[in-house]
There are 2 protein chains.
Amino acid sequence: MERSRKSPPPATEGAGLTIGGVARAAGVGVETVRFYERRGLIEQPERPMFGRRTYPPETVARIRFIRRAKELGFTLKEIAELLELRMDPGKSCAEVRARALAKMADIDRKIEALGRMRRALADLASACRGRGPTSECPILEAMEEGEEHE
Amino acid sequence: MERSRKSPPPATEGAGLTIGGVARAAGVGVETVRFYERRGLIEQPERPMFGRRTYPPETVARIRFIRRAKELGFTLKEIAELLELRMDPGKSCAEVRARALAKMADIDRKIEALGRMRRALADLASACRGRGPTSECPILEAMEEGEEHE
DNA sequence: ATAGCACCCGTACCTTGGTACGGAAGCAAG
DNA sequence: CTTGCTTCCGTACCAAGGTACGGGTGCTAT
């Protein structure tokens, strides 16, 4: 029972990991690994009709890559493209850089949109002393009138 | 043919609008109005077994309210709560103000998260001269190593 | 009176990123 | 050899916020 929760599968030493081993090593759930397979983000190992699949250690690295890219704001679709770029020896680093810059521009737009919301809310909140019934609330009134700012 | 695309339904003058009239006046699609009904965001008018429903003009104002609140970053669930507050004479303006402040804090957190992403991307992009194959790209390398910042 | 929108209704579908379920079968320990 | 954890596989479900469809009916103008 020494290794029961630690590593059930390592039957043949350096061969490969089972899906559970990959998931633990990469810090995601088994279902997430399966989900990434379905999305084509990770290559599926030879799929025996019966029995278990064994994954190469690169799969763990690939999932970590996905995790990190997600933290940087890339969607799974974009990550799939990054993974393709990474594999394609004909593509240059400039392509990757361009994706990063585009994502930064994307993030800037989101930040600006949120900033506009924030300012609009701050304006409304400052117009409201927080007293009286909701029927006289300047915030609600402003929303009812709708400024059609567009 | 003068009014054919302008207002098909106004049979009885001041009575009420059909769903299409509401949708046009509020600037949303008919399906969206139906969707808001299902979500309980707008009250459904008396529903005749057969024939058409007529909506009071307040429905248009309500949908505009929803639109405006959405622009301010509220979810439909939160908007439903705002609408309840608006209707409840026992609630005070302070409640509404609190929602607005909470939403601002919410937005601040999102902005900070995006700012972190942006800075991380900027760091990676500045480390990459945009030359060479993807196999030597500092951006991809950094993602592969995964900094586990957390 | 009939063409032709507009409306009614339930239901299915879309995107994004997973999570959960249920039955069958593998595999190691006790 | 049986128990019990994994794995395999398809499929369904979640949140959010709609959009689309199909079949049936209402209403209005020509």
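Letters A, B, ... are given to chains in the order of the sequence lines, protein chains preceding strands, and every chain is numbered from 1.
When the P atom of C:dG17 is taken as reference, atom CD of A:E71 falls 14 Å away, rounded to whole Å. Look at CZ on A:R24: it is 12 Å from C1' on D:dT7, rounded to the nearest Å. Atom-to-atom, CD of A:E37 to P of D:dT11 comes out at 16 Å; the value is rounded to the nearest Å. When rounded to the nearest whole Å, the span between CZ of B:R53 and P of D:dC27 equals 14 Å. At whole-Å resolution of the value, CD in B:E81 and P in D:dA16 are 11 Å apart. One interatomic measurement links the two molecules: CZ of A:R67 to P of C:dG17, which rounds to 15 Å at whole-angstrom precision. When the C1' atom of C:dG17 is taken as reference, atom CD1 of A:I79 falls 10 Å away, rounded to whole Å. For the pair A:I19 CD1 and D:dC9 P, the computed distance is 9 Å after rounding to whole Å.
Only at 4.0 angstrom or more do the heavy atoms of residues 114-121 of chain B sit from any atom of DNA chain C, so none qualifies.
Salt bridge A:E31/A:R34: present, at least one basic N to carboxylate O contact under 4.0 Å. The pair A:K91-A:E84 does not meet the salt-bridge criterion, since no charged nitrogen lies less than 4.0 angstrom from a carboxylate oxygen.
Not one side-chain nitrogen or oxygen of B:R39 sits closer than 4.0 Å to the OP1 or OP2 atom of D:dG17. For B:T18 and C:dC7, the shortest distance from a side-chain N or O to OP1 or OP2 is below 4.0 Å. When the side-chain nitrogen and oxygen atoms of A:Y36 are compared with OP1 and OP2 of C:dG17, none of them lie within a distance under 4.0 Å.
Judged by distance alone with a 3.5 Å cut-off, a donor-acceptor contact links the side chain of A:R52 to the base of D:dT6.
Applying side chain to side chain donor-acceptor pair (under 3.5 Å) to A:E144 and the options B:R68, B:R86, B:R64 leaves one that passes, B:R86.
Between A:D88 and B:T134, the shortest heavy-atom distance links the atoms O-OG1, 3.4 Å. In terms of heavy-atom proximity, B:E141 sits nearest to B:S135 at OE2-O, 3.6 Å. The shortest heavy-atom contact between A:G130 and B:A94 is O-CB, 3.3 Å. Closest of all the heavy-atom pairs between A:R99 and A:F74 is O-CE2, 4.0 Å.
With DNA chain D read from its 5' end, the first of the two nearest nucleotides for B:K70 and B:F50 is the one closest to B:K70.
Here C:dG17 is the nucleotide among C:dG17, C:dC8, D:dG17 with the atom lying nearest to any side-chain atom of A:L76.
With hydrogens and angles disregarded, a donor-acceptor distance shorter than 3.5 Å links the side chain of A:R62 to the backbone of A:L41.
We find the CG-CZ distance between B:L124 and A:R97 to be 11.0 Å, quoted to the nearest 0.5 Å.
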Just the atom pairs and distances: protein N or O near nucleotides 19-22 of chain C's N or O, under 3.5 Å.
residue, atom, partner, partner atom, Å
C:dT19, OP2, A:T32, OG1, 2.6
C:dT19, O4, A:R38, NH2, 3.4

